[in-house]
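See below for the structure under consideration.
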Amino acid sequence: GNEFEKEKPDNTFRIFTVGGSSTFGSAAFDNETWPAHLQQVIKEKITGEEIEVINFGLGGARTDSEYELIKNKLLSFDPDLIIMYDGWNDAQYNLALEKTIQNWESVCKLGKEEGFDTIIIVQPLPITGHRVLTNQEIGNSFKNLTYLQKSQQYVDAFEELDTVCTKTADFRRIFDYIQEPVFYDDGHTMSFGNKIIAKNVFSVISPIYFEKTHSIIDSLYAKGSKSGSGVVYAIGADLSGRNFDNLNLQNAVFDKADLSNTSFRNTNIDGARFVFANLSNSNLLDRTDISNINLAGTDLSNMNLQGKNLT
């Protein structure tokens, strides 16, 4: 990130961002990280105030190392707000859930003692949310399947954290309506994704510090179900027990949908997607030819695929 003066200028609101390589900006230019985009959004939206956004993301950082960084270094720079953008590294390195929560609480309590605010953000990965993933993102999602449960446990701790922290935010679904590639690997976002993160961060902090409510639903989002396309979009939908017999569901998208106990007799599902869908006790795969449907990430362990055309 940009260099800054150790001594905070008068009448300046100083924000520090901490996290792992997703915050540092792995494979991104300095002006393409989400903290850099946040600085630009603030510059555009907030006038008449001096606000610094300083990026202290470090590759591989976990909440324990972030706490040490804040306590031993960042305090000397007189922060007004520290934003912790976390989840992936703590889960990836199997840091105990209780330890992650304790680290967040320790930073928040330190802030109360030393005069800075703390916002905790649980970050998104390709596997989180209900977005239609690219083929590359689907392939990368398999590496982080355990993050679904772990990240939910982090979010479940928000009620406890909200008693000591300034704010908590769940970002796992911020990309749900984005129809362009966002991730370039199993968790790092490209500049486009970083810009969306920054806009969401601004929407969290703006009402608290700038007395403005900022909507993130803008030109970045092509929200909706592609009306007029005639294609069914049911990403993440609970459709358990439904009967789809004799319907035309060609090219339908059922990614991450619950399709347990469903019936698809004589249903046209050519080109349909069932990525990470729950197909337990469904007759979807009773047909012989399933070569033209996408079943990536779907649990087929209890399915009888003998004699099926999978190619």
Side-chain angles (χ1 to χ4, degrees), residues 1-2 15-39 53-74 77 79 81-108 110 118-129 137 140-141 143-155 157-158 161 165 168-175 182-198 200-201 204:
N2 295 330
I15 301 172
F16 284 93
T17 63
V18 299
S21 50
S22 300
T23 298
F24 170 77
S26 180
F29 293 111
D30 282 350
N31 65 347
E32 293 178 338
T33 65
W34 73 257
H37 282 300
L38 176 61
Q39 180 73 83
V53 179
I54 303 168
N55 186 356
F56 259 88
L58 297 170
R62 307 183 311 186
T63 54
D64 47 4
S65 60
E66 292 165 15
Y67 171 61
E68 294 298 324
L69 171 69
I70 293 166
K71 182 176 66 173
N72 298 322
K73 187 168 186 177
L74 300 193
F77 300 139
L81 170 63
I82 292 179
I83 301 173
M84 301 182 73
Y85 184 82
D86 292 316
W88 187 19
N89 283 347
D90 278 37
Q92 194 171 40
Y93 293 114
N94 295 315
L95 194 65
L97 173 66
E98 296 77 13
K99 185 62 177 174
T100 297
I101 306 306
Q102 180 185 334
N103 292 331
W104 281 331
E105 288 182 337
S106 295
V107 173
C108 294
L110 182 65
T118 309
I119 292 177
I120 309 295
I121 296 174
V122 172
Q123 69 188 100
L125 293 183
I127 192 63
T128 65
E137 290 169 336
N140 287 327
S141 292
K143 303 175 185 177
N144 294 304
L145 290 176
T146 58
Y147 187 69
L148 282 175
Q149 179 180 2
K150 200 65 176 287
S151 64
Q152 184 58 53
Q153 292 173 322
Y154 296 150
V155 171
F158 278 0
L161 290 168
C165 303
T168 53
D170 179 4
F171 274 23
R172 293 176 299 164
R173 294 188 60 180
I174 63 170
F175 299 127
V182 172
F183 297 91
Y184 74 84
D185 63 6
D186 52 327
H188 297 103
T189 40
M190 297 179 287
S191 182
F192 175 67
N194 288 331
K195 188 173 183 180
I196 296 169
I197 294 169
N200 279 270
V201 173
V204 170

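All values derive from a computational prediction rather than experimental measurement.
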S141 and P126 have their tightest heavy-atom pair at OG-CB, 3.5 Å

Measure the shortest side-chain to side-chain distance between I54 and T17 over non-hydrogen atoms and say whether it is less than 4.5 angstrom.
no

Of all heavy-atom pairs linking S22 and G187, the shortest is OG-O, 4.0 Å

Chi angles and distances behind the side-chain contact (heavy atoms from CB on, under 4.5 Å) call for V18, Y85
CA-CA 6 Å; V18 299; Y85 184 82; over 6 Å; no

Would you call L81 and I119 a side-chain contact if the rule is heavy atoms closer than 4.5 Å? yes

Result for side-chain contact (heavy atoms from CB on, under 4.5 Å) between V122 and one of F171, F158, W88 points to F158

* Flag the pair N103 / E66 as yes when at least one side-chain heavy-atom distance between them is below 4.5 Å, and no otherwise. => no

One should read off an interatomic distance between M190 CE and D185 CG, to the nearest 0.5 angstrom, of 10.0 Å

Assess the pair F183 and F175: is the distance between their ring centroids shorter than 6.0 Å? yes

| query | Heavy atoms, side chains only, cut-off 4.5 Å: are K150 and L97 in contact? | reply | yes

State yes or no: are the ring centers of Y154 and W104 separated by less than 6.0 Å? yes

Checklist entry - When you look at T128 and R173, which way does the side-chain contact (heavy atoms from CB on, under 4.5 Å) test go after all the steps? => result CA-CA 6 Å; T128 65; R173 294 188 60 180; 6.0 Å; no

Residues 89-99 vs side chain to side chain donor-acceptor pair (under 3.5 Å), sequence neighbours excluded, gives T63-D90, D90-T100

Taking the six-membered ring for Trp, are F77 and F16 parallel (under 30°), tilted (30 to 60°) or perpendicular (over 60°)?
parallel

Determine whether Y67 and I70 satisfy the following criterion, side-chain contact (heavy atoms from CB on, under 4.5 Å), listing intermediate values before the conclusion.
CA-CA 5 Å; Y67 171 61; I70 293 166; 5.6 Å; no

| task | Would you confirm whether N144, through its side chain, and D186, through its main-chain N or O, come within 3.5 Å as a donor-acceptor pair? | result | yes

- Task: Report yes or no: does T33 contribute a side-chain atom to a donor-acceptor pair with the main-chain N or O of A36 at less than 3.5 Å?
- Result: yes

Checking E32 side chain against F29 main chain: does a donor-acceptor pair fall under 3.5 Å?
yes

I'd like to know if the side chain of N55 and the backbone of T23 have a donor-acceptor N/O pair within less than 3.5 Å.
yes

Output for pair (S106 OG, D64 CG), nearest 0.5 Å, gives 10.5 Å

Looking at E137 and V182, would you say the former's side chain and the latter's main chain have a donor-acceptor pair under 3.5 Å?
yes

Worksheet item: So, do C108 and I120 sit near enough that their side-chain heavy atoms are less than 4.5 Å apart?
Response: yes

Residue set satisfying side chain to side chain donor-acceptor pair (under 3.5 Å) with S191, at least two apart, ordered chain then number -> H37

Quick one: do T189 and W34 satisfy side-chain hydrogen bond (donor to acceptor under 3.5 Å, both in side chains)? Show the steps, please.
CA-CA 9 Å; T189 40; W34 73 257; over 6 Å; no

- Task: Dump the intermediate steps for side-chain contact (heavy atoms from CB on, under 4.5 Å) on Q123 and Y147, then the final yes or no.
- Result: CA-CA 10 Å; Q123 69 188 100; Y147 187 69; 3.6 Å; yes

The salt bridge (Lys or Arg N to Asp or Glu O under 4.0 Å) partners of K71 (sequence neighbours excluded) come to E68

Please examine the side chains of L125 and R172, heavy atoms only from C-beta on, and report whether any two atoms are closer than 4.5 Å. no

I want to check something: taking the side chain as every heavy atom from C-beta on, are I101 and L161 in contact at a cut-off of under 4.5 Å? yes

